[in-house]
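Since the model is a prediction, treat every value here as computed from it, not as a measurement.
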Amino acid sequence: MDKNKRGLAYVMDQEDLTTMRIFYDFKTDEVFLSASKDWDEDLDWSRYNKDFYAESIKTHHAKYLNEQEVYAVFEKHGLSDYLKEVISLLQQGKHFGILAFWNKKLDIFYMGNQHSRKCGLNNGKHATLGGGIRRHRKDELELDVVIDGLNLGRAMSFKNIAGELPMGGIKSTVTMDELDLNDMQQMGFLGFALDMQRCETGPDMGFPIEMTDVMIDKGYSHQYTCGPNGPLGSSGPPTAYGVFISLEEAVKFLGYDNMDGWSFACQGLGQVGYSMVREICEKVKNPRVIVADARPEAVEKCVEEFSAKGIDITAGNVNDILLQDVDVVVPCAIGGVFDEENIPKLKCKIIWGSANNQIKASSQEEEIRLAEKIAERGILFQTDWWHNTAGVMFAWEEVCKQERADINHVYKVISDVLPRLTKENLREAKELGLTPTANAYRRCEAILYGDAPVPDYTAWLE
């Protein structure tokens, strides 16, 4: 079957549907399905939150499918096994579910990959979920997008716990052409889709950070955060700051006083990666730094800037930057970079970066297994979401206080939370004979699926 005819979006398109819900209750192991047509194709999305709202009736030709009817339409299109595979992914990760929207006119397929609402249920805000919004190309397999979104949504539940945030976890994945910031139809629809998830977000891979400013200025959604014109600005620098001060705690755990004279291999020079290089160059004495990025101009700029300050910094090969013989490998680009093939080739003593989902795995169990292989090499590694959470902490400050958001306050909280939790996690892991990755999951699962109390959020009330 043609890959473009294998998926949720295909069934929704063929059956004239706009909305699909695939939800799961891990406590009862029950699956809940429904689908509907909630708006007319000619709806003017540029008028969202002006002439109509998320809750408005948007069609006189509504259509509703119950659970049995949803199963029937997938069987009709020969996609029963595909639906079962998606449901199996929800069950494996104990995900709350997927709320999907298909906009035929705009050719946009939006999936809200909701993992858990538990920590955000009583936060008093519209958004009970927090997590980024990421764009995928139209030529990508939908199932790959589902897996990516669910993995990242689950990581957001854990990341929000690691940041001591009163938010559940979600990742929004959007399959569409490159966003046109001047197309108010696109902007209005993406504002609506996010609001329907009860989610706050910041633009992730594939979306420009200026998206947030347009959303807010045009009144489409105030649940987008961390735009260039926002009260706090980009979340890149605080994310790098949080990763770096957590790394300092990891270095102490290994028995070193500091990283003076150490060597670093940094992959990725985006907002976070470039800021991470700056943290290293400004706070480590006499470092040796190798940087790589798919964009030669970014590498050239970085080398030029810090060489001028007397730093020993050179350009590396993007294909083998993670395999350099250095003290610390710093992944700050795409995820899935450590696997069965390259883990035996690693030559560092610590892996510590900001990239999401650094281990190439389709399940939590697989991630934990590969983390054990890294530990067997004598390399200290902690799952990324336990220390790269400062960006969402930045976003929460903006959600809570909007124009009153205080950059000094959020840095104060980052400085307290991330090193403290890293120290606790590394110590507990050693005591229990677990990898830091396995122990971080253990801590979070006790909160999400057990009776452990949610974190104390009082620091955010100051």
Donor-acceptor contact present, side-chain [X] to main-chain [Y], <3.5 Å:
| X | Y | result |
| --- | --- | --- |
| H95 | F26 | no |
| D204 | R134 | no |
| R154 | G93 | no |
| T59 | H61 | yes |
| E397 | M393 | no |
| K118 | I447 | yes |
| D40 | L43 | no |
| N425 | P436 | yes |
| N357 | A361 | no |
| T225 | T201 | yes |

For [X], I'd like to know if atom [atom1] has over 12 heavy atoms of other residues, nucleotides or ligands within 6.0 Å.
| X | atom1 | value |
| --- | --- | --- |
| K347 | NZ | yes |
| E75 | CD | no |
| E69 | CD | yes |
| K63 | NZ | yes |

Does the side chain of [Y] come within less than 4.5 Å of [X]'s, by heavy atoms?
| X | Y | value |
| --- | --- | --- |
| E200 | H222 | no |
| S36 | Y64 | yes |
| K301 | L269 | no |
| L179 | L190 | yes |
| M276 | F244 | yes |
| W396 | P166 | yes |
| D81 | F74 | no |
| L194 | M215 | no |

Where do V330 and V277 land on the side chain to side chain contact (heavy atoms under 4.5 Å, CB included) test, with the steps shown first?
CA-CA 9 Å; V330 187; V277 173; over 6 Å; no
Which heavy-atom pair separates [X] from [Y] by the least distance, and what is that distance?
| X | Y | answer |
| --- | --- | --- |
| C119 | V454 | SG-CG1, 4.0 Å |
| V337 | P331 | CG2-CB, 4.5 Å |
| E341 | P344 | O-CD, 3.5 Å |
| I209 | P203 | CA-CG, 3.9 Å |
| G168 | N160 | O-ND2, 2.8 Å |
| L17 | A35 | CD1-CB, 3.9 Å |

Can you label the angle between the [X] ring and the [Y] ring as parallel, tilted or perpendicular, going by 30° and 60°?
| X | Y | result |
| --- | --- | --- |
| Y48 | Y220 | parallel |
| W39 | F101 | tilted |
| F381 | F338 | perpendicular |

Would F109 and Y10 satisfy side chain to side chain contact (heavy atoms under 4.5 Å, CB included), going step by step from the backbone distance to the final call?
CA-CA 10 Å; F109 184 51; Y10 174 74; over 6 Å; no
I need the [X] [atom1] to [Y] [atom2] distance, nearest 0.5 Å.
| X | Y | atom1 | atom2 | answer |
| --- | --- | --- | --- | --- |
| D213 | N229 | CG | CG | 4.0 Å |
| L33 | I98 | CG | CD1 | 10.5 Å |
| K360 | I334 | NZ | CD1 | 9.5 Å |
| I87 | E85 | CD1 | CD | 11.0 Å |
| T175 | K138 | OG1 | NZ | 9.5 Å |
| T19 | N103 | OG1 | CG | 10.0 Å |

Would you say [Y] and [X] are linked by a side-chain donor-acceptor pair, where the criterion is simply a distance under 3.5 Å?
| X | Y | value |
| --- | --- | --- |
| E367 | T383 | yes |
| H115 | S157 | yes |
| R117 | T128 | yes |
| H77 | Q14 | no |
| H136 | D144 | no |

Quick one, S88 with Q92, criterion side-chain hydrogen bond (donor to acceptor under 3.5 Å, both in side chains). Give me CA distance, side-chain angles, the key distance, then yes/no.
CA-CA 6 Å; S88 177; Q92 291 170 32; 2.9 Å; yes
Does K105 make a cation-pi contact with F189 (under 6.0 Å, within 45 degrees of the axis)?
no
Find out whether the Lys NZ or Arg CZ of K58 is both under 6.0 angstrom from the six-membered ring centre of F52 and within 45° of the ring's axis.
no
Worked verdict on E142 versus Y82 for side-chain hydrogen bond (donor to acceptor under 3.5 Å, both in side chains)
CA-CA 10 Å; E142 185 188 277; Y82 182 90; 2.6 Å; yes
Salt bridge check: are [X] and [Y] linked by an N-O gap of less than 4.0 Å?
| X | Y | answer |
| --- | --- | --- |
| E428 | R443 | yes |
| R369 | E340 | yes |
| K76 | E15 | yes |

Using the benzene-type ring in the case of Trp, are the ring centres of F264 and W352 under 6.0 Å apart?
no
Carefully, step by step, assess N113 and M156 under the rule side chain to side chain contact (heavy atoms under 4.5 Å, CB included).
CA-CA 10 Å; N113 303 282; M156 284 307 309; over 6 Å; no
Evaluate the criterion side-chain hydrogen bond (donor to acceptor under 3.5 Å, both in side chains) for residue pair Y110 and S172; output intermediate values, then yes/no.
CA-CA 7 Å; Y110 188 114; S172 296; 3.0 Å; yes
Before giving the answer on side-chain hydrogen bond (donor to acceptor under 3.5 Å, both in side chains), spell out for Q358 and Q267 the whole-Å C-alpha distance, their side-chain angles and the decisive distance to 0.1 Å.
CA-CA 12 Å; Q358 293 169 23; Q267 179 197 47; over 6 Å; no
Candidate pair R198 and L129, rule side chain to side chain contact (heavy atoms under 4.5 Å, CB included), full reasoning
CA-CA 6 Å; R198 292 192 65 193; L129 296 164; 5.6 Å; no
